[in-house]
Each structure stands twice: as structure tokens, then as C-alpha cells.
Student: 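Sending over a structure as C-alpha cells; questions will come in a sec.
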2 protein chains.
Amino acid sequence: MAESKSPTVYDVAREADVSIATVSRVLRSPEKVSVSTRERVLQAVRRLGYVPNASARGLADRRTGVLGLLIPGHDIPATSRRLPAEDGAPAVVEFLDDRDGRQADPYRNRYFEQLVRGAEAAAWRAGYALLVAAGTSVSRDVVMHDLAGRVDALAVVARTVPDELLRGSIGRTPMVTVAGEGGTGADAVRVDNRGGMSALVRHVLAVKPPGPVLYLAGPPDSPDAAGRARGFHDAVAGQDVPWHTAMADFTWQGGHDAVTAQLEEEIPAAVIGANDQSALGALAALREGGVDVPGTCVVTGFDGIDESRYSTPTLTTVRQPMIDLGICAVELLLRRLADPDAAPRDLQLPVDVLLRTSCGPLG
Amino acid sequence: MAESKSPTVYDVAREADVSIATVSRVLRSPEKVSVSTRERVLQAVRRLGYVPNASARGLADRRTGVLGLLIPGHDIPATSRRLPAEDGAPAVVEFLDDRDGRQADPYRNRYFEQLVRGAEAAAWRAGYALLVAAGTSVSRDVVMHDLAGRVDALAVVARTVPDELLRGSIGRTPMVTVAGEGGTGADAVRVDNRGGMSALVRHVLAVKPPGPVLYLAGPPDSPDAAGRARGFHDAVAGQDVPWHTAMADFTWQGGHDAVTAQLEEEIPAAVIGANDQSALGALAALREGGVDVPGTCVVTGFDGIDESRYSTPTLTTVRQPMIDLGICAVELLLRRLADPDAAPRDLQLPVDVLLRTSCGPLG
DNA sequence: ACGACGACTGTATGCGCTTACATTCAGGCG
DNA sequence: CGCCTGAATGTAAGCGCATACAGTCGTCGT
């Protein structure tokens with residue numbers, strides 16, 4: 001079979017003995033074509049294995065039918081495997097001493113997998129395809145530029161590319177910011193850091209033993225950290241509870257050290273981590289200090305990383321609905337494509353509080 | 001600014017006072033244009049915020065510059081969140097009692113995230129974009145068909161779509177099968193289940209206490225299970241070790257029950273799970289039976305799911321190099337695009353054995 | 001000084017598809 | 001029986017870009 005190149009509408013038209021317009025109509029608006037002709041064309045399509053060329057269709061349509069999703073780069077190590085040599089030495093199995101998990105890869109929480117899945121599902125549901133791009137450090141602008149010409153609209157995870165790029169070369173492409181700061185006057189979806197933390201802390205205040213509360217703050221330049229801190233303050237404001245803040249910087253060590261220092265003065269009744277890592281550090285410090293969790297002191301984190309499910313005790317935390325984030329990002333794009341002049345929306349998705357043993361009995 | 005529609009080469013040409021051919025050349029083969037003209041054109045490009053239209057380029061080029069990746073569907077529940085109402089009731093935080101992890105989502109191992117990341121990185125490195133599609137149950141053929149018209153080549157995760165679809169509508173699109181059975185005469189990448197299991201079992205035989213070996217087999221219709229079983233047999237063949245097989249069906253319960261039954265007859269010295277789930281079940285059964293792991297009996301799994309890192313004891317297992325799988329899939333596609341007549345390759349990537357405490361001291 | 005040549009730029013065509021508009025034809029109506 | 005109408009189909013004009021081919025002009029060799 002010398003089927004050297006793909007058949008086009010012309011081939012189908014010839015095969016079915018109709019004009020190319022009719023072929024196109026059969027595919028795009030079948031109701032405009034008589035049943036008999038339609039059948040004949042569809043048969044020709046099948047016989048030739050015709051697949052419409054998306055580029056041509058996109059050109060004629062002035063739309064690509066593709067949505068873009070730009071996620072932060074991952075910098076796959078340069079040592080990553082390439083194609084083995086043709087003559088292929090036999091595959092060599094590597095033994096890694098992984099008893100403490102150090103060899104585990106760094107992409108701990110399935111954050112982006114879920115984002116991609118949600119976006120993908122929502123996009124296909126609406127008849128769009130999803131182009132995924134990771135802005136690797138070297139080439140953010142190139143990627144961005146390339147993407148802009150390929151898609152009808154673009155979802156960008158916050159801080160993936162510099163702001164001026166967002167406004168610059170892609171001024172005409174509808175965009176939504178994902179997990180950003182909001183309030184930029186553009187479409188945006190993010191997670192309710194503030195509300196989630198506030199709800200969590202209110203719950204803690206209701207169940208914790210008597211005593212002071214320690215808040216393990218995140219880095220000051222992080223919007224997430226800021227939102228969570230505000231949520232914490234919302235919850236403790238006006239409550240008659242002693243509390244103070246220590247910087248943990250979103251790290252295990254930070255949480256560990258802050259709690260260790262705290263134990264020298266007074267045993268806290270609750271430690272609220274701005275994220276899971278610092279809460280896990282706190283858990284370790286409390287164990288070292290012989291403090292019973294959750295009996296004497298309850299602990300909470302934020303993010304819902306894997307480790308929080310397996311720590312001892314398991315860590316109460318807040319999970320971000322990443323799938324929904326992806327879905328909503330796409331839905332916002334679809335909305336804007338449908339109505340370019342709609343007022344920008346700034347969605348805040350509610351989070352899920354996962355109650356686990358580190359904060360004691362279920363309220 | 002009434003920048004209603006995107007500027008085209010014509011706009012740039014007018015702005016820079018050259019012909020569209022020159023504009024195109026500046027973008028595609030700058031060395032063919034004099035420095036002064038090139039500068040002038042680039043300025044016009046920047047001034048207008050011109051972004052080349054990928055559809056037009058693709059049409060003229062007869063290539064889209066896009067690679068497709070088809071992964072199994074995920075069936076995002078229909079109840080998943082949509083866009084909240086415009087007037088937005090305040091976000092409501094949900095409290096979930098997640099103390100035993102039952103609420104955790106089912107996408108446990110970051111299998112596809114890594115596959116996508118690897119493919120994405122390799123694709124962009126080669127100047128291609130990556131279109132990700134999940135063949136949801138309802139619409140595999142539609143997705144497939146749509147995809148075929150959009151991409152230059154396609155990587156399909158095995159058993160994502162029925163075979164006849166693969167051969168049918170997309171006959172002319174270069175394809176690679178990912179994680180399939182191999183031996184189909186087409187390009188394929190997969191993981192060395194057999195070699196990995198064989199290496200692992202050889203290691204176990206070297207370190208295990210004296211006594212019989214129990215192999216927890218996977219479902220007979222799974223190519224993965226078949227490969228691993230063969231690897232097991234490779235390793236025990238000719239060794240003077242008593243062994244037998246029990247069906248565990250890749251499930252926790254299967255592993256648990258098989259080991260429980262075994263304990264009534266004889267305490268095994270090693271339990272080899274065809275996957276992690278069944279090995280974890282075995283671990284539980286051994287604990288219930290008061291058997292010391294790894295002192296009296298060593299245990300191993302296969303896959304490297306999260307739980308294997310956190311179990312007690314941590315589970316020695318085999319991790320599939322998903323990132324590399326993605327990279328190699330793309331590299332195979334690129335190779336075929338470069339040379340359509342190259343002989344098909346059937347790659348087997350080596351796996352990583354993660355030595356953890358469930359199999360005792362490091363040999 | 002004249003033609004050849006090379007560097008650069010412009011003209012014009014086609015990529016495969018969609019669609020506005022034109023055409024054809026069968027009925028229905030006055 | 002002529003004319004109007006509407007359904008079905010055909011004709012042809014782009015969509016934005018790449019590029020083969022055709023100039024144009026300054027240089028160099030003789």
C-alpha cells in the first residue's frame with residue numbers, strides 16, 4: 001500500500017463524488033447534508049482513513065481548539081537517560097540503598113499531576129485539547145511565545161513566568177492565573193489559604209488542651225504563607241488564647257528548631273504549621289522532648305503531602321483541591337473565550353481539612 | 001487600544017516596510033537577511049507584539065510541531081466542581097475524617113505525572129510541544145482521531161485504546177507504545193519487569209534466611225505480571241531453593257490471605273510480591289503471625305508506590321523509571337520522524353531496585 | 001567598461017479547510 | 001404554466017505562513 005501521504009478533503013470528495021464543501025459540511029454540520037450524500041461521504045472517509053488536518057482547520061477557523069497549561073519547570077537532570085545505543089548493551093538494574101527515602105525523587109506531592117488531570121478532563125469535555133508546557137528556567141520566554149501562537153487561551157501557574165512576559169507578547173491571548181495572589185484584575189483561580197487555615201485553627205482551638213498556641217510561619221515573600229498567616233490571625237482574634245509566632249520558613253528544620261526553642265520555655269498546647277514540612281519538624285521535636293501528641297499538644301500542617309499521611313501520629317492538615325483548580329482554570333478560560341468582555345473573576349476554591357490523629361479526637 | 005485582532009506577517013511587513021517573505025525569513029532563517037533589515041523587522045515584531053500563528057505555520061510546513069501523549073483515562077467524577085455561581089457563596093471548607101487515609105484520592109503513585117514530565121521535557125528540548133490526552137472511556141476513539149490530526153507523532157500508553165484503533169484511523173501517524181508488551185513490530189518502550197524481578201530475587205536469595213520462598217503472583221492476563229513471573233523463574237531456576245507460587249492478584253488482600261494460608265503450613269523465609277500491594281498485605285499477615293521481618297522472613301514488592309516508603313518495615317521494591325520512560329518514548333518518536341524507514345526499536349529500560357529494611361542487611 | 005555573479009529582497013503560489021455566496025432543482029402557489 | 005422558495009450542492013475566496021523562483025543591484029574579474 002503506497003499510502004505515502006495523508007488523504008485530504010479533495011481525496012475524499014473525489015472518492016465520494018461530491019465537492020469538498022460537502023465533505024467539510026458532513027464533518028462540521030451534518031444536518032445540512034442529505035442523508036444519502038452524508039452516508040456516501042462517511043464511507044469514503046472510512047475507506048481512505050481520512051483524518052482532518054488540525055492546522056488547516058485551525059487556520060480557516062481562526063481557532064486552534066487547544067488550551068495551554070504552563071506549569072513551573074522541573075529541570076529534569078541533564079544526566080537523564082537518553083536513547084540507549086542501537087546495539088543495546090543489556091539493561092543494567094541499579095541497586096539503590098533507599099532505606100531512608102533519600103533516593104526518592106523530589107516531586108513529592110502530586111500537585112501537578114492532579115492539576116493536569118483536572119485541566120485535561122475539563123478541556124476535553126469542552127472539545128479542547130490540552131497543551132502542557134513547563135517553563136524551564138532557560139527558556140521561559142521562548143516557551144511562552146511559542147505557546148501563545150498555538151493555543152486559544154492559556155492557564156499559567158503563578159510565578160512560572162515573570163509578570164512582564166504575561167502582559168507582553170501574549171497580550172491578546174486570554175489567560176488565567178492559577179494559584180496566584182489574585183487581585184490583579186485578570187481571571188484567576190486559587191485556593192482559599194486564608195479560609196482554610198482559619199477554619200482549621202478554629203477547630204484546633206475547640207479541641208486543644210489548655211495552653212498557648214505556637215504558629216510556625218512561612219517565608220514572608222510567599223503569598224501562600226501570607227494568606228495562611230491571615231487565616232490564623234482571623235481565627236485567634238478576639239479569642240482568649242495566648243499565642244505567638246515563630247519563623248519556620250516552610251522547612252522541616254525550621255519547624256523542628258522553633259519548637260525545640262519553645263520547649264525550653266513552655267510546652268505549647270498546639271502547634272500550627274504554615275505547611276506540612278514545618279509541622280513534621282515540630283512533630284519530631286515534640287517527640288524528642290517527650291511531649292505527647294495529641295494528648296498534651298496538638299499539631300497541624302497545611303498542604304497534604306504524602307508524608308503527612310504516614311507520619312506518627314498522622315498529621316491533620318489541609319489539602320488543596322488541585323483537580324478542581326485545574327478544572328476551574330479551564331472553565332474560566334472557556335468562559336472568557338465565549339465572552340471576551342466578561343468581567344474578570346477571581347475564584348477562591350474551598351479546601352479540605354483532613355482530620356487525622358495529630359489533632360486528637362474529632363470535634 | 002483597539003488591538004482587536006492579532007497582527008500577522010502582513011502587518012509586520014508593512015510596519016517594517018519589507019515584504020512578507022522577508023519577515024518570514026527573519027523568523028525562520030535570519031542568516032539570509034541583512035543585518036539592518038533584520039533589525040528593522042525585529043523591531044516591528046516587538047512593536048506590534050507579533051506572534052506567529054502556529055496553525056498557518058503548520059499548514060505551510062506540513063508539520064505541527066506537536067507530539068501527543070495518550071494516557072489512560074481517569075474518569076474525573078461527574079460531581080467534580082464546576083465554576084461556582086457568579087455571586088459566589090463564600091467558600092465552604094470541608095472537614096474530612098482522614099485518619100486512615102480512606103479519603104485520599106486513588107491516584108497513588110505518581111506514575112503519570114512523571115511520564116508526562118519526562119515526555120514534556122524531551123519534547124520541548126527538541127522543539128516540540130506536548131499534547132496530553134486521556135482516553136476517557138466514553139470517547140477513546142474520538143480523542144484518538146482528534147489527536148491524530150493535531151500531532152506529528154503519538155505516544156500511547158499500552159491498553160489505553162483498543163488495538164484496532166491504533167492500526168486504524170491513524171495509520172500514517174508515527175507511534176510508539178509505552179509500557180506495552182513489546183514484540184509487536186512497532187516502536188515501543190517498556191520497563192524491564194523480567195530483568196528487574198530477576199535481579200531482585202537473586203539478591204534476596206543471597207541474603208535471605210534458610211527456608212522456602214513464596215512468590216505472590218499477579219493476574220495472569222497482565223503483561224507486567226507475566227514479565228515479573230518470568231523474572232522470578234529466571235532467578236530461582238537451578239538454585240537449590242524450595243519455592244512455590246500463590247495467586248495474590250496484585251491486591252493487598254490477596255497477598256495477606258496467601259501468606260496467612262502459608263503460615264499454617266510452614267513459615268517462609270522470603271515472600272516475593274509481584275507488586276507492592278500484595279507485598280504490603282504479606283507484611284501485615286506476617287506481623288499478625290508474629291513472624292519477624294526481615295529477621296525470619298524477608299519481603300519484597302514491585303512498583304515503588306508511596307506506601308512502600310512508609311510501611312513498617314519499609315518495603316524493598318523495584319521502581320520503574322517513569323521519567324525515563326517518557327523521555328525515551330519521545331526520543332523514539334523523534335527518531336522515527338527523522339527517519340521514517342528506520343527499523344522499529346523495542347526498548348527495555350532497566351529499573352531501580354530500592355533496598356529497604358524489609359529485605360534485611362544490604363548484601 | 002561589460003558581463004557574470006552573488007547577496008538580498010520581492011512576487012506569487014500553495015498548504016487543507018471553512019464558509020459566504022452562487023447555482024441547481026423540485027415543489028408549491030397564484 | 002410561470003415564478004417564487006427553500007433544500008442541497010457546488011464554486012471560489014480566503015485563513016497566515018513558507019518558499020521556489022524571479023528580479024534588483026552592487027562587485028569583481030578581465
Side-chain angles (χ1 to χ4, degrees), chain A residues 4-42 44-45 48-66 127 145-146 148-152 172-173, chain B residues 4-42 44-45 48-66 127 145-146 148-152 172-173:
Chain A
S4 48
K5 55 193 301 274
S6 293
T8 71
V9 272
Y10 294 95
D11 300 315
V12 176
R14 191 170 341 103
E15 180 84 9
D17 197 33
V18 295
S19 75
I20 59 165
T22 298
V23 175
S24 182
R25 274 190 287 258
V26 167
L27 270 39
R28 304 289 285 186
S29 35
E31 76 285 355
K32 290 185 182 168
V33 179
S34 73
V35 179
S36 61
T37 314
R38 193 191 311 163
E39 247 351 284
R40 196 149 35 90
V41 170
L42 287 177
V45 164
L48 297 177
Y50 168 74
V51 174
N53 175 318
S55 291
R57 181 171 282 187
L59 183 55
D61 266 6
R62 279 71 136 357
R63 60 183 286 282
T64 63
V66 178
H145 206 256
D146 188 281
R150 295 183 177 287
V151 302
D152 294 331
R172 275 158 289 257
T173 305
Chain B
S4 49
K5 53 192 301 277
S6 292
T8 70
V9 272
Y10 294 96
D11 300 313
V12 175
R14 192 171 338 102
E15 179 84 8
D17 196 34
V18 296
S19 74
I20 61 162
T22 298
V23 174
S24 182
R25 274 191 287 256
V26 166
L27 270 39
R28 305 289 285 188
S29 34
E31 75 285 356
K32 290 185 182 167
V33 178
S34 73
V35 179
S36 61
T37 313
R38 193 191 311 162
E39 247 351 284
R40 197 148 36 92
V41 170
L42 287 177
V45 165
L48 297 177
Y50 167 74
V51 174
N53 175 316
S55 291
R57 181 171 283 188
L59 183 55
D61 266 7
R62 282 74 145 342
R63 60 185 284 281
T64 63
V66 178
H145 206 256
D146 188 282
R150 294 183 179 286
V151 303
D152 295 331
R172 275 159 288 258
T173 305

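Just so it is clear, the model here is predicted, and its values are computed rather than measured. Hydrogens, waters and symmetry mates play no part in the numbers below; they use all other heavy atoms, side chains included. To find a chain, count down the sequence lines: A is the first, B the second, and so on, and within it residues start at 1.
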Student: Ignoring the backbone of A:Arg57, work out which of D:dG10, C:dT19, C:dC17 is nearest its side chain.
Tutor: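 The nucleotide sitting nearest to the side chain is C:dC17.
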Student: Under 4.0 Å between a side-chain N or O of A:Thr37 and OP1 or OP2 of D:dT9?
Tutor: yes
Student: Using the closest heavy atom to pick a nucleotide of DNA chain C for each, name whichever of B:Arg62 or B:Asp17 lands nearer the 5' end.
Tutor: B:Asp17
Student: D:dA20 P sits how many Å from B:Asp61 CG, rounded?
Tutor: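 Taking atom P of D:dA20 as the reference, CG of B:Asp61 is at 12 Å.
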Student: Which pair of non-hydrogen atoms, one from B:Pro52 and one from A:His145, has the smallest distance, and what is that distance?
Tutor: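 Smallest interatomic distance, heavy atoms only, reads CD-CE1, 3.9 Å.
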Student: Starting at CZ of B:Arg150 and ending at P of C:dG16, how long is that distance when rounded to a whole Å?
Tutor: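 Rounded to the whole Å, the gap is 17 Å.
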Student: In whole angstroms, how far is the P atom of C:dC17 from the CG atom of B:Asn53?
Tutor: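 One finds 16 Å between P of C:dC17 and CG of B:Asn53, rounded.
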Student: Rounded to the nearest Å, what distance is computed from the CD atom of residue B:Glu39 to the P atom of nucleotide C:dT9?
Tutor: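 Those two atoms, CD and P, are 13 Å apart.
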Student: Hey, is the side chain of A:Arg25 pairing donor to acceptor with the base of D:dG10 inside 3.5 Å?
Tutor: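 Flag set: donor-acceptor pair detected.
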Student: Indicate whether OP1 or OP2 belonging to D:dG6 is found under 4.0 Å from a side-chain N or O atom of A:Lys32.
Tutor: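 No.
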Student: Counting only side-chain nitrogens and oxygens, does B:Ser19 get under 4.0 Å of the OP1 or OP2 atom of C:dG10?
Tutor: yes
Student: How is B:Leu27 classified with respect to the nucleic acid when contacts are heavy atoms under 4.0 Å: base, sugar-phosphate, or nothing?
Tutor: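 B:Leu27: no heavy atom of the nucleic acid under 4.0 Å.
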Student: Considering all heavy atoms of both residues, which atom of B:Ser55 and which atom of A:Thr64 are nearest to each other, and what is their separation?
Tutor: OG-CG2, 3.7 Å
Student: Any base atoms under 4.0 Å from A:Ser55, or only sugar-phosphate, or nothing? Heavy atoms, all strands.
Tutor: nothing
Student: OP1 or OP2 of C:dG10 versus the side-chain N and O atoms of B:Tyr10: is any pair under 4.0 Å?
Tutor: no
Student: From C-beta outward on A:Val33, which listed nucleotide comes closest to its side chain: D:dT9, C:dT9, C:dT19?
Tutor: D:dT9
Student: Any idea which of D:dT9, C:dT18, C:dT9 is nearest the B:Ser34 side chain?
Tutor: C:dT9
Student: What does A:Arg28 touch in the nucleic acid at a heavy-atom separation under 4.0 angstrom: a base, only the sugar-phosphate, or nothing?
Tutor: sugar-phosphate
Student: Taking CZ from A:Arg63 and P from D:dG16, how many angstroms apart are they, rounded to a whole number?
Tutor: 15 Å
Student: Closest heavy-atom contact between B:Val18 and B:Val23?
Tutor: CG2-CG2, 3.8 Å
Student: Remember a base hit wins even if backbone is also touched, and classify B:Ser24 as base, sugar-phosphate or nothing at under 4.0 Å, heavy atoms.
Tutor: base
Student: Which nucleotide sits closest to the side chain of A:Ala21: D:dT11, D:dC17, C:dG16?
Tutor: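 In terms of side-chain proximity for A:Ala21, the closest of D:dT11, D:dC17, C:dG16 is D:dT11.
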Student: Looking at every non-hydrogen atom in both residues, tell me the closest pair between A:Thr8 and A:Tyr50 and how far apart they are.
Tutor: C-CE1, 3.6 Å
Student: Taking the side chain of B:Leu59 as heavy atoms from C-beta outward, which of D:dC17, C:dC15, D:dT19 is closest to it?
Tutor: C:dC15
Student: Rounded to whole angstroms, how far apart are CD1 on B:Ile20 and C1' on C:dC8?
Tutor: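 Between C1' of C:dC8 and CD1 of B:Ile20: 17 Å.
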Student: So which heavy atom on A:Arg150 is nearest to which on B:Ala54, and how close?
Tutor: CG-CB, 3.6 Å
Student: Name the nucleic acid region contacted by A:Val18, choosing base, sugar-phosphate or nothing; use a 4.0 angstrom heavy-atom cut-off, strictly under.
Tutor: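 Sugar-phosphate contact only - A:Val18 comes under 4.0 Å of backbone atoms but never of a base.
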Student: Taking all heavy atoms of A:Asp152 and all of A:Thr173, pick out the closest pair and write down the distance.
Tutor: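 Minimum heavy-atom separation between A:Asp152 and A:Thr173: O-CG2, 4.1 Å.
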